[in-house]
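These notes are about the structure you will find just below.
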Amino acid sequence: MEPHGNTIVELGVNIDHVATLREARKGAAPDVIAAAKICELAGAHQITVHLRQDRRHIQDRDVELLSQVLTTRLNLEMAAVDEIIAIAHRIKPDSVCLVPENRAEITTEGGLDVAGQKSRLAEVVQSFHEAGVKVSMFIDPEPRQVEASAEVRADYVELHTGAYANVDGGGLMHELNRLVQSAARAINSGLIFNAGHGLTVHNLPPIASIAGLNEVNIGHSIVARAVFIGLENAVREILHVLHAARV
Ligand code: PXP
């Protein structure tokens with residue numbers, strides 16, 4: 001891989017799992033808004049939340065409050081369904097990341113099939129652009145999904161790093177290579193390239209070193225580390241790994 005100088009890669013912290021813990025008791029703790037502010041104070045560049053149709057973690061009120069109190073950016077992950085699109089249009093986050101959603105899944109499993117629904121997604125993208133909201137497509141690192149994302153005029157692609165994060169031994173270079181190739185294709189098509197899913201302090205460096213990377217979105221591993229070292233330290237730790245990989 002090419003060296004990259006010290007270009008800053010931004011960190012979006014996904015705080016869904018703070019809400020998962022809160023929803024385990026349907027109470028007020030832990031406070032999702034306080035968590036977001038701690039992430040910002042620790043240096044996160046963006047807060048990401050996924051307002052799922054089943055509302056299993058983040059609730060509408062969380063998104064509403066976050067849009068009022070964040071001093072960085074709010075990125076709303078969402079399925080491209082009418083109910084959530086209407087909420088996003090009302091709240092106007094800085095960006096939306098369109099993801100597939102399946103009620104039975106434990107977490108977002110695969111990338112969005114942009115190629116299979118281009119005309120509908122082009123309309124959704126246009127409606128968000130008219131509202132001043134940037135749009136990201138969460139896609140598998142496949143050429144046709146990158147091309148389709150450019151065709152529907154998305155601003156960003158977030159390449160799904162789940163297959164890379166979960167691979168055993170021999171397939172690692174293959175998965176990394178798919179990400180590198182798709183990143184280059186995205187940049188050549190005029191898209192901004194982000195990455196996310198399953199990233200940890202251990203597997204982040206090769207991803208952070210991919211040329212042209214703009215931002216990573218990391219959730220579960222930060223919240224899991226926070227149980228032991230605190231949220232502020234967990235964010236600082238991942239920022240340190242992210243930046244060390246770029247110098
Ligand atoms: N990016 C997207 C689009 C996601 O759906 C998720 C999971 O909610 C993440 C990033 C963060 O993944 P993880 O929680 O595994 O870090």
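Since the model is a prediction, treat every value here as computed from it, not as a measurement. Remember, it's 1-based here, ligands and their atoms both numbered in the order they're listed.
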*Backbone N or O of Pro141 within a donor-acceptor pair of the Ser182 side chain at under 3.5 Å?*
yes
_Polar contacts were defined as any N/O atom of the residue lying under 3.5 Å from an N/O atom of the ligand; does this apply to Asn217 and ligand 1?_
no
*Are any of the N/O atoms in His17 less than 3.5 Å from those in ligand 1?*
no
_Test salt bridge (Lys or Arg N to Asp or Glu O under 4.0 Å) on Glu40 and Arg73; report intermediate values, then the result._
CA-CA 9 Å; Glu40 284 191 328; Arg73 301 188 308 263; over 6 Å; no
*Looking only at side chains, do Asn214 and Asn194 share a donor and an acceptor under 3.5 Å apart?*
yes
*Please round to the nearest 0.5 Å and tell me the distance separating atom CD1 of Ile58 and atom CD of Glu77.*
10.0 Å
*Would you please determine whether Glu158 falls within less than 4.0 Å of ligand 1 on a heavy-atom basis?*
yes
*May I ask you to check if ligand 1 and Gly198 share an N or O to N or O distance below 3.5 Å?*
yes
*Would you say Asp94's side chain and Leu74's backbone share a donor-acceptor pair under 3.5 angstrom?*
yes
*Classify the ring geometry between His160 and Phe138 as parallel (under 30°), tilted (30 to 60°) or perpendicular (over 60°).*
parallel
*Per-residue contact class, Glu77 against ligand 1 - non-hydrogen pairs under 4.0 Å*: side chain
*What atoms of ligand 1 come within less than 4.0 Å of a heavy atom belonging to Asn14?*
8 (O)
*Step by step, would you call Glu64 with Gln68 a side chain to side chain donor-acceptor pair (under 3.5 Å)?*
CA-CA 7 Å; Glu64 199 99 42; Gln68 292 165 24; 4.9 Å; no
*List every atom of ligand 1 that sits less than 4.0 Å from any heavy atom of His220, numbering the atoms from 1 in the order shown and giving each element.*
13 (P), 14 (O), 16 (O)
*Using a strict cut-off of 4.0 Å, indicate which atoms of ligand 1 neighbour a heavy atom of Val99.*
3 (C)
*At a 4.0 Å threshold, what atoms of ligand 1 neighbour a non-hydrogen atom of Ile218?*
16 (O)
*Indicate yes or no: does an N/O atom of Gly219 lie under 3.5 Å from an N/O atom of ligand 1?*
yes
